[in-house]
Protein chains: 2
Amino acid sequence: MATGRTHRPATRSRGIPEATVARLPLYLRALTALSERSVPTVSSEELAAAAGVNSAKLRKDFSYLGSYGTRGVGYDVEYLVYQISRELGLTQDWPVVIVGIGNLGAALANYGGFASRGFRVAALIDADPAMAGKPVAGIPVQHTDDLEKIIKDNGVSIGVIATPAGAAQQVCDRLVAAGVTSILNFAPTVLAVPDGVDVRKVDLSIELQILAFHEQRKAGEEAEALIEAEAEAAAAKETRKGPDGDVPAVMPA
Amino acid sequence: MATGRTHRPATRSRGIPEATVARLPLYLRALTALSERSVPTVSSEELAAAAGVNSAKLRKDFSYLGSYGTRGVGYDVEYLVYQISRELGLTQDWPVVIVGIGNLGAALANYGGFASRGFRVAALIDADPAMAGKPVAGIPVQHTDDLEKIIKDNGVSIGVIATPAGAAQQVCDRLVAAGVTSILNFAPTVLAVPDGVDVRKVDLSIELQILAFHEQRKAGEEAEALIEAEAEAAAAKETRKGPDGDVPAVMPA
DNA sequence: AGATGTGAATGGCTTCACAGCT
DNA sequence: AGCTGTGAAGCCATTCACATCT
């Protein structure tokens with residue numbers, strides 16, 4: 001096929017949808033649990049339930065990887081574990097550095113889930129000279145001054161930023177300049193990076209805010225059933241036309 | 001018009017897309033920063049850049065909230081901060097409990113981003129009797145035995161689970177039974193909850209795995225330019241037909 | 001002139017439903 | 001008989017492009 005060079009010609013082969021990639025770790029986790037219980041095969045229905053998705057989605061996801069199941073039977077657990085691990089790149093070792101060893105950085109350093117999945121905490125880095133040399137999770141903290149050398153000596157391509165917001169962009173720039181091309185950002189800031197560098201962010205406060213939104217809605221809907229009026233004239237259609245203007249977005253429950 | 005009770009009659013009013021809700025906290029953060037610098041107004045272009053999205057998306061997002069801008073000028077920063085806060089439900093106080101005060105739980109308790117956004121850590125709960133009474137982030141840790149009472153006394157509707165995976169479902173069940181209807185889960189498990197309860201999960205290891213996938217692809221693409229062969233026959237089309245079987249996940253571009 | 005607000009077009013993801021294989 | 005793999009349909013989100021307002 002040697003699919004030429006034109007506009008990414010529907011190659012498919014490598015075209016695994018981002019949404020699917022994001023679920024592969026979920027499947028992998030569920031499969032690992034089955035594997036530990038020595039379950040030999042699993043149906044899409046069962047595995048989907050364990051991973052918290054529906055079975056059609058799971059089958060579609062797997063179809064992007066190839067035909068790894070057996071009709072009438074299901075999927076071979078060990079085989080799937082291997083295929084998904086390989087697809088995710090977990091059959092190789094990924095040295096990771098964590099920058100910013102405060103509460104969160106320490107929590108990350110101690111987090112067991114990394115080591116078990118091909119990730120290795122290669123170094124801990126902090127700007128506070130007082131921390132230098134102190135071991136956290138058995139690994140001595142090193143000073144930010146040596147960041148570039150640490151990255152290069154360890155062949156690190158994935159960096160975790162757990163610094164305060166103010167320091168994040170600067171740390172990010174240095175990581176990228178030193179050769180890091182994937183960053184997991186815990187600082188509440190938008191990071192600017194050059195093309196070719198991936199950033200994923202985890203923001204605790206954002207997650208809570210999303211929950212608050214839905215929580216507020218629940219309170220509102222409860223009230224709705226009792227009141228059933230008021231929303232009518234809703235009023236003020238002229239000047240400012242927010243969907244419910246000044247009406248308290250919350251109602252006595 | 002007292003829109004009866006029929007199939008949610010295209011109400012729109014409350015129909016803010018989930019994707020938009022997930023971005024509101026991002027806009028809010030950017031706006032808060034502008035507000036602190038006393039910037040009075042901002043254009044969709046500027047604000048979008050600060051939030052790391054494109055301006056068309058931002059305008060569309062805001063259009064679901066109402067018409068809060070001024071054509072030819074932009075958005076009033078203070079006014080927007082208020083409107084988004086209200087929409088997200090941040091104008092009220094949300095007492096939160098954190099269950100599982102290990103490294104991560106402690107990091108969360110210490111995280112400043114909560115308090116600043118309407119969230120208040122009402123209690124810390126841990127199963128270890130040795131921790132009971134010990135203050136973390138200035139708040140005394142309480143024992144799991146009292147979980148139900150703590151929830152009820154404080155009117156908590158949002159719970160954060162930072163326990164080991166094995167304990168998470170059990171903690172979740174108790175939280176829900178006690179009246180919690182929104183859960184932020186840091187344990188690497190799929191939680192089963194009844195309808196009406198929202199769960200959001202944060203899984204550090206999953207984020208890293210997604211990065212590893214892309215990282216692996218980058219390595220592949222680099223090689224791609226140099227090799228340009230081999231992937232052709234790709235072979236083994238018969239027995240197992242994974243898109244590229246054992247061939248290194250690389251393709252001539 | 002300049003920037004918002006929004007229909008229309010596009011693209012991606014999910015769900016359905018069933019053909020096809022074991 | 002049972003379960004996978006997948007076209008087709010439907011749904012949601014993003015992007016475009018411009019009418020509309022200040």
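All figures in this text were calculated on a predicted structure; none of them were measured in a lab. Here is how names work: the chains are called A, B, and so on, in the same order as the sequence lines, proteins then strands, and each is numbered from 1. Excluded from the calculations below are hydrogen atoms, water molecules and symmetry mates; all remaining heavy atoms, backbone and side chain alike, are included.
For Tyr64(A), the side-chain atoms get nearest to dT14(C) when compared with the rest of dT14(C), dG5(C), dT6(D). In the set dT14(D), dC13(C), dT6(D), dC13(C) carries the atom at the smallest distance from any side-chain atom of Glu18(A). Nearest to the side-chain atoms of Lys57(A) among the listed nucleotides dT15(D), dA19(D), dT14(C) stands dT14(C). When distances run from any side-chain atom of Ser43(B) to the nucleotides dT4(D), dT4(C), dA13(D), the shortest one goes to dT4(C). Checked against dT4(C), dT14(D), dC16(C), the side chain of Lys60(B) finds its nearest nucleotide in dT14(D). Taking the side chain of Ala56(A) as heavy atoms from C-beta on, and the options dC16(C), dT6(C), dG5(D), the nearest nucleotide is dC16(C). In this structure, the nucleotide among dT6(C), dT6(D), dC13(C) sitting nearest to the side chain of Arg59(B) is dT6(C). Of the candidates dA13(D), dT22(D), dT4(D), the closest approach to any side-chain atom of Thr70(B) belongs to dT22(D).
Whole-Å rounding puts the Asp61(A) CG to dT15(C) C1' distance at 12 Å. We find that CG of Leu58(B) is positioned 14 Å from C1' of dT6(C), with the value rounded to whole Å. In this entry the distance linking CZ of Arg23(A) with C1' of dG12(C) reads 12 Å, nearest Å. Rounded to whole Å, the distance from OH on Tyr68(A) to C1' on dT6(D) is 17 Å. Here the P atom of nucleotide dG5(D) and the CD atom of Gln83(A) are 12 Å apart, to the nearest Å. Rounded to a whole Å, the CG atom of Leu80(B) is 12 Å from the C1' atom of dT4(C). Rounded to whole Å, atom P of dA1(D) lies 19 Å from atom CD of Glu45(A).
A close approach under 4.0 Å does not occur between any side-chain nitrogen or oxygen of Ser44(A) and OP1 or OP2 of dC3(D). OP1 or OP2 of dT15(D) has at least one side-chain nitrogen or oxygen of Asn54(B) nearer than 4.0 Å.
In this structure, Gln169(A) contributes its side chain and Ala192(A) its backbone to a donor-acceptor pair below 3.5 Å.
A residue-by-residue look at Val73(A) and Thr20(A) shows that Thr20(A) has its nearest nucleotide of DNA chain C further toward the 5' end.
Looking at residues two or more places apart in sequence or on another chain, you find no side chain to side chain contact (heavy atoms under 4.5 Å, CB included) involving Pro40(B). Ala165(A) meets the side chain to side chain contact (heavy atoms under 4.5 Å, CB included) test with Pro188(A), Thr189(A); sequence neighbours excluded.
Side chains of Lys60(A) and Thr20(A) form no contact here, defined as non-hydrogen atoms less than 4.5 Å apart.
Within the nucleic acid shown, Tyr75(A) comes within 4.0 Å of sugar-phosphate atoms alone, with no base atom in reach, counting heavy atoms only.
Annotation: the span from Ile84(A) atom CD1 to Thr91(A) atom OG1 amounts to 13.0 Å, rounded to 0.5 Å.
Checked by distance alone, Arg71(B) brings a side-chain donor or acceptor within 3.5 Å of a matching partner on the base of dT20(D).
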